[in-house]
Every structure is written in C-alpha cells, then in structure tokens.
Amino acid sequence: MDLTWSAEERAFRHEARAWLTAHVPRPALPSGDTAEGFAAHLEWERALFDARWSAVSWPSRFGGRDASLWEWLIFEEEYYRADAPQRVTQNGIFLLAPSIFEFGTPEQQERILPRMAAARDLWAQGWSEPGAGSDLAAITSRAERDDPAGGWRLHGQKTWTTRGAFCTHLFGLFRTDPAAERHRGLTYFLVDLRSPGVEVRGFERLDGDEGFAEVFFDEAFVPDDGVANGAGVLGGVGEGWRVAMATTGSERGLTLRSPGRFLAAAERLVELYQSRPDPARRNQVVQAWVNAYAYQLFTLQQVTAIADGKQPGAESSLNKLFWSELDVRLHETAMDLLGPDGEANGPWPKGFLFSLAGPIYAGTNEVQRNVVAERLLGLPRTGR
Ligand SMILES: Cc1cc2nc3c(=O)[nH]c(=O)nc-3n(C[C@H](O)[C@H](O)[C@H](O)COP(=O)(O)OP(=O)(O)OC[C@H]3O[C@@H](n4cnc5c(N)ncnc54)[C@H](O)[C@@H]3O)c2cc1C
C-alpha cells in the first residue's frame, strides 16, 4: 500500500478545498431531515452539481469528474473537514448509482444518473416492511403483471424509508413470483413516488425530525417503458435479490461512510477536549482519534485491493461494524466531555442520537457479526 499522494491527487485536494472554503453555506443549513431543511439542502446539492462536485467518481458524461477512488476519498475528507452539509442525495448517488452502473441498461444509465447527480430525481430506499427488516427475504410487498397495460402493479407497504416524504423516487424489492422460494421470485423496482396508487406518510425519528416515511402501494403502476420517468425494473425480473445484495454491499462498504466523516469528527472531538480538558476522558479521546485513523488505513487497504481488481465481498460487514461502533464511542465521549451542556440541541447531541442508529441501519450489527462469523471466519451457521 502506497500512502503517499501523487502531485495530481494533491492538486485535486487543493482544488476541492478551495471550492469548499468559498462555497460551504454559513451558518450551517437546518437539518436535511425536515421539509424546510431538505429544500435548503437541494439548493446546495445543485450548486455541487453545477461545479461538478456532486458525484466526482462518475464519468463526466453523467455529471462526474472521472475521479479515481483515491480522489473520491480525498474529496470526502475535504467535504467533512469543511463541515459541509449532509448529502440528502446520498441514497441515490452512493447506494443506487453503483447498482445502476452494474445492472442498468444504457438507457437507464443515460436517463437516471444525470438527473440523480443534479438532485432533480431524489431517491429513497424501500427494503424494510413492517414484517421484514433483518430478514429481508420475508418481504410481502408484491408486483403483479398487468399485460394489457404493459407493466406491473405494486401492492404492499414499505417502512423506515429515509427522507421518503421528500423524495420523488424509490428503489426497492417486490415479490413477483409468490410460488418461488423466499430469495427467488423477487424483482428490483424503480418507482416514481408521484404515481397514482402511491401514498407516502412521513413520521418522526428519535430526534423529532420527520426523516422517515411509510410508503403504501395500492395498484401503483410501473410501466415497462417507464424509463423516461425513471421507473422500471433494474437487472431483470426475478433477479432482485442479486441486485439488492450489490446495493446493500455499497451501503455497508465503502460508499456510504467514507473515513473522511470520522476523521473530521475525531478532529472536532480533540478540539472539544482542548476547549474543556478533562484528564479522566483523555484516553477515550485518544482512542476515538486512533479508531478514526485506523478506519482510514483499513479503507485505503480496501481501495488498494479494489484498484487491483478484487471485489469487496463479506468484508464490507467489517467496515460497517467498525465505523458504526467507532461513531457511537466517539459521540459518547463528546457527550461525556460536554456534561450537562450536552443536553442542548447542538451538533454533538444531534450527532450522538444519530450515531445510535448506526448499529441498526445498513443491516444490524448482530447480523453483520453473523456474516463475519460464517463467511469470513468459516464458523458454523447459527440455528436460524
Ligand atoms: C436511521 C435509520 C434509517 C433507515 N433507513 C431505511 C431506509 O431508508 N430504507 C429501508 O428500507 N430501511 C431503513 N431502515 C430500517 C433498517 O434497515 C432496519 O431497521 C434494519 O434492517 C433492522 O430491521 P428491524 O428494524 O425490522 O429489526 P429486526 O430485524 O426485527 O431486528 C430486531 C433485533 O433482532 C436482531 N436480529 C434479527 N435477526 C437476527 C439474527 N439472524 N441474528 C442475530 N440477531 C438478529 C437485530 O440485530 C435487532 O437487534 C433504517 C433504519 C434506521 C435506524
């Protein structure tokens, strides 16, 4: 692993830093998980797109900069270092897009990716249902063929849909063959949430922001030729599980939580300690900082493997365990340092509440430990 940056990479960092310094909105935007904050974040997302910073690693014809994975990591570091706004487009750009590149038809790529990068189509992810969370293959939402109309009719309910109340589109799994075995007979749909037969009901998260939604489908129609509206099937009828596993792999692995986020938080924790030193907490602060930098090294090692042509597989479960647990400990340390001041509605308490969700979303940590035990360590399967 070569830990030095090339002259081009240093120039890329310099350009990103200069642009972010000049453009990051101040004061900070209100939370993107509220209607008002989301609208403000869209303006920011469009400014990023206009300057071609919204999806740096994508080909330029889709709105990117053809940046390498290394440069993407550099951009992320600079983004969080600048304390730039949360990416409300992340479920599209970081989760769905890798699957569109891998499984989408050329038509789907041409239509969906540029609008996603420009924050014109806003994507929510629709996996979880009231009766299916960790056990995703238990989903009961279904799609039935409507041949005379030339498409599919969706029925059922999704839940915990992040920012679903503010999004225009949803990607998710629906059962297309009820007779097939659980993991088969599933199809990955791209749905326009503004279609008749779709009802989206927002609801509050732990911190009071309306960041979640339930989405109800009552004969909502997805036309076979719906690509002009970003709608359709991704990766083929009955192939949903394979495509969904690629998307969730992105969520656990590299793209959702790059090290830049934690490096910046660790640096802020050190500043917090310096502003209110508490020797009893010093080791916790050091440990949080070390963990963030260890995660960076781990990621650089992974990117080296990807650059050598290896596909990240079950290792993405290790990423997920590491970043989610370090995030909780880092924020707990900040709350300890703040003491009674931590009750105020500042960035640390808000970040602390969100960190508690890390071990749950993107597949719970218990389930990731099963994956690590069975697929990386070769231990026997649990008695599920
Ligand atoms: C902030 C946040 C955002 C989210 N955003 C989305 C979104 O945008 N779209 C979406 O579809 N979903 C989203 N989710 C939902 C998330 O995917 C689910 O909460 C998660 O998959 C767990 O499912 P569940 O809540 O039904 O819990 P359950 O699956 O019922 O699990 C309950 C408990 O049992 C444990 N458990 C379950 N099975 C096993 C097992 N086999 N071995 C060991 N332990 C097990 C779990 O670890 C957990 O502790 C989000 C969740 C959060 C917290």
Side-chain angles (χ1 to χ4, degrees), residues 31-34 38 86-96 99 122-141 154 156-175 182-183 186 188-191 193 200-217 240-241 243-245 247-252 255-257 261 317 320-321 323-325 327-328 331 350-375 379-384:
S31 163
D33 292 295
T34 60
F38 190 82
Q86 69 182 114
R87 298 295 306 272
V88 295
T89 51
Q90 69 174 22
N91 285 351
I93 291 176
F94 296 135
L95 305 187
L96 174 58
S99 297
L122 301 156
W123 289 88
Q125 69 175 335
W127 310 128
S128 307
E129 299 182 2
S134 302
D135 187 8
L136 181 58
I139 63 163
T140 56
S141 290
L154 306 185
Q157 182 193 345
K158 299 290 177 182
T159 191
W160 310 120
T161 317
T162 293
R163 288 186 283 280
F166 317 130
C167 287
T168 58
H169 287 74
L170 172 138
F171 57 93
L173 281 185
F174 291 79
R175 200 163 283 289
R182 280 165 23 106
H183 296 77
L186 298 171
Y188 194 119
F189 278 90
L190 307 173
V191 187
L193 287 173
V200 182
R201 293 185 204 153
F203 66 96
E204 286 181 2
R205 304 189 311 192
L206 178 65
D207 63 2
D209 291 354
E210 202 187 71
F212 276 138
E214 293 177 300
V215 185
F216 298 86
F217 303 91
W241 189 256
V243 186
M245 288 307 101
T247 306
T248 57
S250 298
E251 185 175 21
R252 276 169 219 148
T255 58
L256 184 69
R257 296 285 179 250
R261 178 186 178 108
S317 293
K320 204 266 151 164
L321 285 165
W323 63 247
S324 56
E325 293 186 356
D327 203 33
V328 172
H331 282 88
K350 194 143 180 102
F352 169 66
L353 290 181
F354 192 70
S355 76
L356 297 178
I360 303 172
Y361 66 83
T364 69
N365 284 12
E366 291 77 14
V367 170
Q368 303 317 313
R369 286 197 159 83
N370 287 343
V371 173
V372 171
E374 292 164 13
R375 293 181 45 203
L379 298 178
R381 280 175 66 82
T382 53
R384 277 171 284 146

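Atom set for the values below is all heavy atoms of this structure, side chains included, hydrogens, waters and symmetry mates excluded. One-based numbering, in listed order, for ligands and for the atoms of each.
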Is a salt bridge present between Lys350 and Asp209, judged by a nitrogen-to-oxygen distance below 4.0 Å? yes
Minimum non-hydrogen distance to atom 2 (C) of ligand 1, winning option of Trp127, Trp160, Phe354, Phe212: Phe212
Part of Thr364 within contact of ligand 1 (heavy atoms, under 4.0 Å): side chain
Which part of Asp135 is near ligand 1, with near meaning a heavy atom under 4.0 Å away: side chain, backbone, both or neither? neither
Search all heavy atoms of His331 against all heavy atoms of Phe352 and return the closest pair with its distance. CD2-N, 3.4 Å
Which of the numbered atoms in ligand 1 are under 4.0 angstrom from any heavy atom belonging to Ala357? 1 (C), 53 (C)
Shortest heavy-atom approach to atom 18 (C) of ligand 1 - which of Ser128, Gly211, Ala124: Ser128
Using every non-hydrogen atom in the two residues, find where Gln86 and Gly32 come nearest and quote the distance to one decimal. OE1-N, 2.7 Å
Polar contact flag for Asn91 and ligand 1 (N/O pairs, less than 3.5 Å): no
Quick check: Thr162 and ligand 1, any N/O pair under 3.5 Å apart? yes
Taking everything shown except Arg375 itself, do over 12 heavy atoms lie less than 6.0 Å from its CZ? no
Could you check whether Lys158 makes a cation-pi contact with Trp160, meaning its NZ or CZ is under 6.0 Å from the centre of the six-membered ring and within 45° of the ring axis? no
Which atoms of ligand 1 sit under 4.0 Å from any heavy atom of Glu366? 43 (C), 44 (N), 46 (C), 47 (O), 49 (O)
Is the shortest side-chain N to carboxylate O distance from Glu129 to Arg175 below 4.0 Å? no
